[in-house]
Amino acid sequence: MSAVEAADVFHRARGRTLDAFSSEKEREWKGPFYFVQGADTQFGLMKAWSTGNCDAGGDEWGQEIRLTEQAVKAINKLNPRPKFFVLCGDLVHAMPGTPWRQEQTRDLQRVLKAVNQDIPLVMVSGNHDLGNAPTAETVEEFCQTWGDDYFSFWVGGVLFLVLNSQFLYDASRCPALKQAQDHWLDQQLNIAEQKQCQHAIVFQHIPLFLQSIDEDDDYFNLTKTVRKELADKLTRAGIKAVFSGHYHRNAGGTYQNLDMVVSSAIGCQLGKDTHGLRVVAITAEKIVHRYYSLDELSQGGVEEDLKEMLKE
């Protein structure tokens with residue numbers, strides 16, 4: 001599937017917003033709703049991980065296709081429907097410019113084409129989508145394939161911000177692009193700080209932290225200096241939660257009033273969690289989230305207590 005063909009399938013972010021939620025009416029609180037978060041479909045990692053060759057492996061991704069198809073079918077069965085489905089990065093395993101990238105991307109787009117057209121897809125960039133040290137070229141490739149790498153949108157009075165976390169990890173090869181996102185983020189956080197939204201939520205691939213704001217630097221988190229600066233900026237603006245992936249395990253913690261939610265993968269598991277999705281319910285007062293295995297969500301759907309919250 002070419003980028004042009006993909007445009008006909010996905011509500012891609014353009015102009016730093018998402019067309020599916022462009023209506024001014026979306027800025028008004030209309031009552032409780034929910035969305036579904038997934039992460040790390042990462043077509044190719046399961047084979048690469050099993051062979052111990054994560055850099056050059058990944059020439060098969062049939063398992064990830066089946067798991068993502070199961071995720072899509074589970075989401076399509078949900079009643080009531082979620083407002084959207086967000087994928088928090090590492091869509092495919094092959095890095096920019098490496099073998100199998102085009103094939104993995106084509107297969108993922110084919111699978112995601114089956115998502116109900118009434119459930120917009122929100123695509124977040126990860127390190128395997130942009131490279132660990134992104135360049136202007138790798139960012140442009142992502143934008144042409146999946147839509148903007150950072151943007152905001154409103155749903156039912158809630159402001160959602162999608163960040164390119166690779167700029168926070170290593171922007172040495174594209175400093176001007178990082179500066180542009182920093183400037184844009186300050187503008188968006190000013191809206192949140194002025195309490196013009198019911199809640200404000202951030203999506204990014206790399207977590208601020210896995211358990212604690214003071215934990216040691218790790219491949220799976222942002223450095224202490226970066227995470228503390230950003231966390232303080234987010235909390236000052238009243239951001240309620242950051243949802244991420246990258247860790248391939250469930251984790252998370254709190255910092256002041258900020259909930260850091262790390263969701264395990266649809267694809268390859270690196271811990272003891274199951275392939276799954278996170279359901280996030282939003283009411284006027286709170287944000288409640290719950291991780292489901294793909295089997296649980298496929299067979300039982302959203303549990304009744306969460307459904308009751310949506311009726312409040």
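Because the structure is predicted, anything quoted here is derived from the model rather than measured. Sequential numbering from 1 along the given sequence is applied to the chain's residues.
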Report task. Using the side-chain contact (heavy atoms from CB on, under 4.5 Å) rule, take Leu78 and Phe85 through it: C-alpha gap first, then chi angles, then the decisive distance, then the call. Result -> CA-CA 12 Å; Leu78 292 175; Phe85 171 36; over 6 Å; no
**Report entry** Any Trp146 side-chain heavy atom under 4.5 Å of Thr105 side chain
**Finding:** yes
**Report entry** Test item: Ser212 side-chain N/O and Asp214 main-chain N/O as donor-acceptor pair under 3.5 Å
**Finding:** yes
Report task. Return the set of residues passing side-chain contact (heavy atoms from CB on, under 4.5 Å) with Ala265 (not counting sequence neighbours), or none when no residue passes. Result -> Asp40, His248, Gln269
Report task. Run the numbers on Trp184 and Leu163 for side-chain contact (heavy atoms from CB on, under 4.5 Å), then give the verdict. Result -> CA-CA 10 Å; Trp184 170 88; Leu163 301 186; 3.7 Å; yes
Query raised in the report: Taking side chain as C-beta onward, heavy atoms only, is Tyr255 less than 4.5 Å from Leu234?
Result: no
Report summary line: Residue pairs meeting ring pair (Phe, Tyr, Trp, His ring centres under 6.0 Å), one or both in residues 211-238, sequence neighbours left out, come to Tyr219-His246, Phe220-His246, Phe220-Tyr247
Requested in this report: Verify the cluster assignment for Val226 and Leu210: are they in a single hydrophobic cluster under the rule of side-chain heavy atoms below 4.5 Å apart?
Outcome: yes
Report summary line: Distance col, row Gln204:CD vs Ser125:OG, nearest 0.5 angstrom, shows 10.0 Å
Report task. Using a strict cut-off of less than 4.0 Å between a Lys/Arg side-chain nitrogen and an Asp/Glu carboxylate oxygen, indicate whether Arg27 and Glu24 qualify as a salt bridge. Result -> yes
Requested in this report: Report yes or no: does His205 contribute a side-chain atom to a donor-acceptor pair with the main-chain N or O of Cys88 at less than 3.5 Å?
Outcome: yes
Report summary line: In short, Ala94 meets Arg101 closest at the heavy-atom pair O-NH1, 2.7 Å
Report task. Kindly indicate whether the side chain of Thr98, heavy atoms from C-beta on, has any atom under 4.5 Å from the side chain of Asp55. Result -> no
Show me the donor-acceptor pairs, under 3.5 Å and distance only, between side chains in residues 167-174 and residues at least two apart or in other chains.
from, atom 1, to, atom 2, distance (Å)
Asp170, OD1, Ser172, N, 3.0
Asp170, OD1, Ser172, OG, 2.7

Requested in this report: Could you pull out all residues at least two apart from Asp217 that satisfy side-chain hydrogen bond (donor to acceptor under 3.5 Å, both in side chains)?
Outcome: Arg227
**Report entry** Within 6.0 angstrom of Trp49 CH2, more than 12 heavy atoms from elsewhere
**Finding:** no
**Report entry** Partner residues of Asp305 under the side-chain contact (heavy atoms from CB on, under 4.5 Å) criterion, sequence neighbours left out
**Finding:** Arg290, Glu303
**Report entry** Residue pairs fulfilling side-chain hydrogen bond (donor to acceptor under 3.5 Å, both in side chains) with at least one residue in residues 235-244, sequence neighbours excluded
**Finding:** His199-Lys240
**Report entry** Closest contact, heavy atoms only, Ala192 versus Cys197
**Finding:** CA-SG, 4.0 Å
Report task. In sequence, state the C-alpha distance, the side-chain angles, and the governing distance for Asn190 and Gln194, and then conclude on side-chain contact (heavy atoms from CB on, under 4.5 Å). Result -> CA-CA 6 Å; Asn190 186 53; Gln194 293 175 19; 2.8 Å; yes
Query raised in the report: Below 4.5 Å, heavy atoms only, C-beta onward: do Gln42 and Cys268 meet side chain to side chain?
Result: no
**Report entry** Nearest-0.5 Å distance that lies between atom CG in Asp149 and atom OG1 in Thr138
**Finding:** 9.0 Å
**Report entry** Atom of Cys54, atom of His93 and distance for their closest heavy-atom approach
**Finding:** O-NE2, 2.8 Å
Report task. List for me each residue that meets side-chain contact (heavy atoms from CB on, under 4.5 Å) alongside Gln299, sequence neighbours excluded, and say none if there are none. Result -> Asp295
Requested in this report: List in chain and number order the residues that pass side-chain hydrogen bond (donor to acceptor under 3.5 Å, both in side chains) with Gln179, two or more places apart in sequence or in another chain; answer none if no residue qualifies.
Outcome: none
Query raised in the report: Is Glu229 atom CD crowded by more than 12 heavy atoms from other residues, nucleotides or ligands, each under 6.0 Å away?
Result: no
Query raised in the report: Taking all atoms of both residues into account, what is the closest heavy-atom pair of Leu159 and Ser152, and its distance?
Result: CD1-CB, 4.2 Å
Query raised in the report: Quick check: are there more than 12 heavy atoms from other residues, nucleotides or ligands sitting under 6.0 Å from CG of Asn257?
Result: no
Requested in this report: Output the distance between atom NZ (Lys30) and atom CD (Gln198), rounded to the nearest 0.5 Å.
Outcome: 12.0 Å
Report task. For Thr68 and Thr41, work out which heavy atoms get closest and say how close. Result -> OG1-CG2, 3.6 Å
Report summary line: side chain to side chain contact (heavy atoms under 4.5 Å, CB included) test vs Gln188 passes for just one of Leu161, Ile239, Val202, namely Leu161
Query raised in the report: Donor-acceptor pair, Gln211 side chain versus Gly253 backbone, under 3.5 Å?
Result: no
Query raised in the report: At what distance, to the nearest 0.5 angstrom, does CG of Leu208 lie from CG of Leu258?
Result: 6.5 Å
Query raised in the report: Going through the distances and angles, do Glu28 and Lys25 end up as a salt bridge (Lys or Arg N to Asp or Glu O under 4.0 Å)?
Result: CA-CA 6 Å; Glu28 304 169 7; Lys25 292 182 180 179; over 6 Å; no
Query raised in the report: Is a donor on one side and an acceptor on the other found under 3.5 Å between the side chain of His128 and the backbone of Met95?
Result: no
Report task. Give a yes or no on whether Ile75 and Tyr291 share a hydrophobic cluster (residues Ile, Leu, Val, Met, Phe, Trp, Tyr; joining criterion: side-chain heavy atoms under 4.5 Å apart). Result -> no
Report summary line: Distance col, row Asp148:CG vs Arg12:CZ, nearest 0.5 angstrom, shows 9.5 Å
Query raised in the report: Which distance, rounded to the nearest 0.5 Å, do you find between the CG of Asp90 and the CG of Leu130?
Result: 9.0 Å
Query raised in the report: Do Leu306 and Met309 come close enough that some side-chain heavy atom pair is under 4.5 Å?
Result: yes
Query - Qualifying salt bridge (Lys or Arg N to Asp or Glu O under 4.0 Å) pairs, either residue in residues 182-207, two or more places apart - result: Lys178-Asp182, Asp186-Lys233
Query - Main-chain N/O of Phe43 paired to Gln104 side chain as donor or acceptor, under 3.5 Å - result: yes
Query - Asn164 side chain vs Tyr150 backbone, donor-acceptor pair below 3.5 Å - result: no
Report task. Scan for salt bridge (Lys or Arg N to Asp or Glu O under 4.0 Å) pairs involving residues 72-89, sequence neighbours excluded, and state none if there are none. Result -> Arg81-Asp118
Query raised in the report: How about Glu215: does its CD atom have over 12 heavy atoms from other parts shown lying under 6.0 Å from it?
Result: yes
**Report entry** Phe209 and Val242, any side-chain heavy atoms less than 4.5 Å apart
**Finding:** no
Query raised in the report: Do Leu277 and Tyr292 touch side chain to side chain, with heavy atoms closer than 4.5 Å?
Result: no
**Report entry** Main-chain N/O of Leu310 paired with Tyr34 side-chain donor or acceptor, under 3.5 Å
**Finding:** no
Report summary line: Note: with side-chain heavy atoms under 4.5 Å as the link, the other cluster members for Val158 come out as Leu18, Phe21, Trp29, Phe33, Phe35, Phe84, Val86, Val122, Val124, Phe151, Phe153, Val155, Phe160, Val162, Ile201, Phe203, Phe243, Val261, Val280, Ile282, Ile287
Query raised in the report: Within a strict 4.5 Å, meaning less than it, do heavy atoms of the Leu112 and Gln109 side chains meet?
Result: no
Query raised in the report: Can you name the closest pair of heavy atoms from Ser264 and Asp273 and give their distance?
Result: OG-CB, 3.8 Å
Requested in this report: Mind checking side-chain contact (heavy atoms from CB on, under 4.5 Å) for Gln63 and listing every partner two or more places apart, or none if nothing turns up?
Outcome: Met46, Arg66
